[in-house]
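Counting starts at 1 for both ligands and their atoms, following the listed order.
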Amino acid sequence: MMEAGDRNISQRFVVFDGMHLPPFVPLMKDAKKRFEEIRDMECRKDDVIIAAYSKSGTHWIWEIVCMLLKGRAEYAKETKEFLFLEAIPDMSVVHNLASPRPLNTHFPYRWLPKQHVQNGGKIVHIIRNPKDVAVSLYHQLLQSGLFNDFNFKTFLDQMFLGPACPFGTWFKYEREFEEAEKNDKFGSIHTIHYENMKKNPEEETRKLAQFLEVNTTEELIAEIVDKCSFDKLKQIDSSFKDQSHLKRVIGAEGIKVPDIYRKGKIGDWKNHFTVALNEQFDDIFKEEMKDSSIQVQFE
Ligand code: A3P
């Protein structure tokens with residue numbers, strides 16, 4: 001178990017390309033191999049990649065994308081981890097899937113499948129304000145049982161804003177995506193703000209359908225929005241989804257599978273940040289994002 005204040009937190013992770021990696025079997029076994037397999041994977045023209053920093057609402061948008069691609073508001077039996085590129089047991093899993101494949105990953109833009117990027121394959125990128133991301137990630141790590149006595153300040157100092165941030169920092173991830181969007185000559189990246197999806201789910205789902213070039217009706221959009229509401233997804237996650245895959249992908253002993261559907265709100269950060277922590281965060285945010293035009297919504 002890791003202890004709060006443990007100076008070696010960063011040494012307990014597998015590190016690759018400057019990123020501290022979560023304990024998924026393929027990453028723990030040979031991270032370089034899995035990163036390269038993904039970057040070099042064979043892609044199809046109609047693949048869709050959902051790319052998001054961890055805890056940005058990936059499960060939510062993945063379910064919406066699956067329904068839009070199917071043209072029916074039916075839940076996928078499998079969890080999104082079944083098509084989670086860094087955690088699938090081996091790449092043959094995705095090779096054998098029928099098209100269109102709703103793949104998903106937390107890998108940064110520079111490690112996305114090269115062929116997909118070069119061919120202008122569709123990428124759905126989700127961005128969520130980093131204070132809520134931090135809170136969500138903190139709770140996931142707490143639930144995992146990996147840490148004994150781990151407070152929010154320790155988490156921010158040593159992980160989220162510190163040296164051991166899973167998959168690298170939020171700032172780096174989002175600045176890389178912003179740059180990619182600027183150079184996106186195909187219009188192949190569609191960015192969804194978590195907060196916009198929360199405030200205007202019909203409008204955002206309509207825009208997503210347009211981007212995916214799928215036929216929809218207003219009834220279908222309304223049905224998808226309803227079926228993918230927080231309460232319904234939370235319910236379906238425990239009553240309908242096959243969770244066995246998720247348990248298999250986690251490689252370190254004793255880690256509990258976290259409850260993904262925790263609160264699903266904008267602004268829960270206000271319940272976790274003290275005034276001092278908030279000021280510290282704002283200073284770092286200002287510095288890290290000084291050349292960025294991303295409109296982050298904290299409320
Ligand atoms: P919280 O921990 O703040 O509740 P990811 O899927 O990338 O791991 O992100 C998980 C976060 O998305 C969790 O945030 C989860 O509750 C939230 N989420 C999942 N489905 C949602 C929905 N339908 N509406 C709003 N938030 C949702």
Side-chain angles (χ1 to χ4, degrees), residues 22-24 49-68 73 75-76 78-87 102-108 123-144 152 155 160 165-167 170 173-174 177 191-205 208 221-241 243 245-246 249-250 255-273 296-299:
F24 302 141
I49 297 182
I50 296 143
Y53 194 80
S54 176
K55 311 319 293 172
S56 300
T58 326
H59 288 73
W60 181 18
I61 304 303
W62 182 80
E63 202 74 43
I64 295 178
V65 168
C66 288
M67 290 185 182
L68 286 172
Y75 297 113
E78 62 272 15
T79 60
K80 77 137 188 90
E81 282 71 19
F82 198 73
L83 295 106
F84 187 27
L85 294 174
E86 45 271 50
L103 310 170
N104 70 92
T105 179
H106 296 320
F107 275 10
I123 298 170
V124 176
H125 164 229
I126 316 160
I127 179 166
R128 183 183 193 188
N129 84 71
K131 291 181 187 174
D132 281 334
V133 167
V135 168
S136 185
L137 186 55
Y138 170 67
H139 281 282
Q140 174 158 331
L141 291 171
L142 265 189
Q143 277 181 28
S144 71
F152 188 60
F155 163 74
F160 200 76
C165 199
F167 283 129
W170 180 93
Y173 182 95
E174 296 305 347
F177 246 103
T191 291
I192 299 174
H193 285 256
Y194 174 100
E195 293 78 15
N196 285 342
M197 186 54 99
K198 196 70 202 160
K199 292 172 193 165
N200 295 304
E202 277 87 4
E203 189 184 324
E204 289 301 318
T205 304
L208 179 55
I221 297 284
E223 208 188 335
I224 291 177
V225 166
D226 174 56
K227 289 227 167 137
C228 293
S229 68
F230 176 81
D231 289 342
K232 291 206 171 155
L233 285 186
K234 185 178 178 70
Q235 206 260 325
I236 226 68
D237 196 49
S238 52
S239 62
F240 174 73
K241 293 272 183 187
Q243 299 284 357
H245 180 73
L246 188 52
V249 303
I250 295 175
I255 297 188
K256 296 189 194 85
V257 173
D259 178 15
I260 296 294
Y261 301 92
R262 190 186 61 90
K263 278 197 178 172
K265 295 215 154 77
I266 306 169
D268 190 35
W269 61 269
K270 290 178 191 166
N271 299 315
H272 293 76
F273 281 73
V296 177
Q297 301 174 39
F298 289 102
E299 327 248 340

Rounded to the nearest 0.5 Å, what separation is found between the CG atom of Leu137 and the CH2 atom of Trp170?
14.0 Å
Please, which pairs that meet salt bridge (Lys or Arg N to Asp or Glu O under 4.0 Å) have at least one residue in residues 123-140, sequence neighbours excluded?
Lys131-Asp282
Indicate, as side chain, backbone, both or neither, the part of Ser136 found under 4.0 angstrom from ligand 1 when only non-hydrogen atoms are considered.
both
Between Lys232 and Glu63, does at least one N-O distance fall below 4.0 Å, as a salt bridge requires?
no
Has Ile260 got any heavy atom lying under 4.0 angstrom from an atom of ligand 1?
yes
Atom 9 (O) of ligand 1: nearest protein contact (heavy atom, Å):
Gly57 N, 3.1 Å
As an exercise, identify every atom of ligand 1 less than 4.0 angstrom from a heavy atom of His59.
5 (P), 6 (O), 8 (O)
Quick check on Lys265: does its NZ atom have over 12 non-hydrogen neighbours (other residues, nucleotides or ligands) under 6.0 Å away?
no
Taking distance alone, with N or O pairs closer than 3.5 Å, would you say Tyr194 contacts ligand 1?
yes
Under 4.0 Å from a heavy atom of Gly264: which atoms of ligand 1 are those, numbered in the order shown and with their elements?
1 (P), 4 (O), 16 (O), 25 (C), 26 (N)
Tell me whether the count of non-hydrogen atoms from other residues, nucleotides or ligands lying under 6.0 Å of CZ in Phe152 goes above 12.
yes
The single option from Phe24, Phe84, Tyr53 passing ring-ring contact (aromatic ring centres under 6.0 Å, His included) against His106:
Phe84
So, is Arg262 polar-close to ligand 1, with some N/O to N/O distance under 3.5 Å?
yes
With a cut-off of 4.0 Å, which atoms of ligand 1 are near a heavy atom of Lys263?
4 (O), 16 (O)
Within the distance-only criterion (no hydrogens, no angle test), does the side chain of Lys256 pair as donor or acceptor with the backbone N or O of Ser144 below 3.5 angstrom?
no
Please work out whether any backbone atom (N, CA, C, O) or any side-chain heavy atom from C-beta onward of Arg128 is under 4.0 Å from ligand 1, and answer side chain, backbone, both or neither.
side chain
Nearest 0.5 angstrom please: Phe107 CZ to Tyr173 OH, how far?
11.0 Å
For Gln140, is at least one N or O under 3.5 Å away from an N or O on ligand 1?
no
Side chain Asp237, main chain Ile260, donor-acceptor under 3.5 Å
no
Parallel, tilted or perpendicular: ring planes of Tyr194 versus Trp60, cut at 30 and 60 degrees:
perpendicular
Non-hydrogen atom of Lys55 closer than 4.0 Å to ligand 1
yes
Does Ser56 reach ligand 1 with a nitrogen or oxygen that is under 3.5 Å from one of the ligand's nitrogen or oxygen atoms?
yes
Can an N or O of Lys80 be found at a distance shorter than 3.5 Å from an N or O of ligand 1?
no
Using a 4.0 Å heavy-atom cut-off, say whether Cys228 meets ligand 1 through its side chain, its backbone, both or neither.
backbone
Of Tyr138, Tyr261, Tyr53, which has the heavy atom at the shortest distance from atom 20 (N) of ligand 1?
Tyr261
So, is Thr58 polar-close to ligand 1, with some N/O to N/O distance under 3.5 Å?
yes
Close approach, Ser229 and ligand 1, non-hydrogen under 4.0 angstrom
yes
In terms of residue, atom name and distance, what is the protein heavy atom nearest to atom 22 (C) of ligand 1?
Trp60 CD2, 3.3 Å
What class does the angle between the rings of Tyr75 and Phe240 fall in, given that below 30° is parallel, 30 to 60° is tilted and above 60° is perpendicular?
tilted
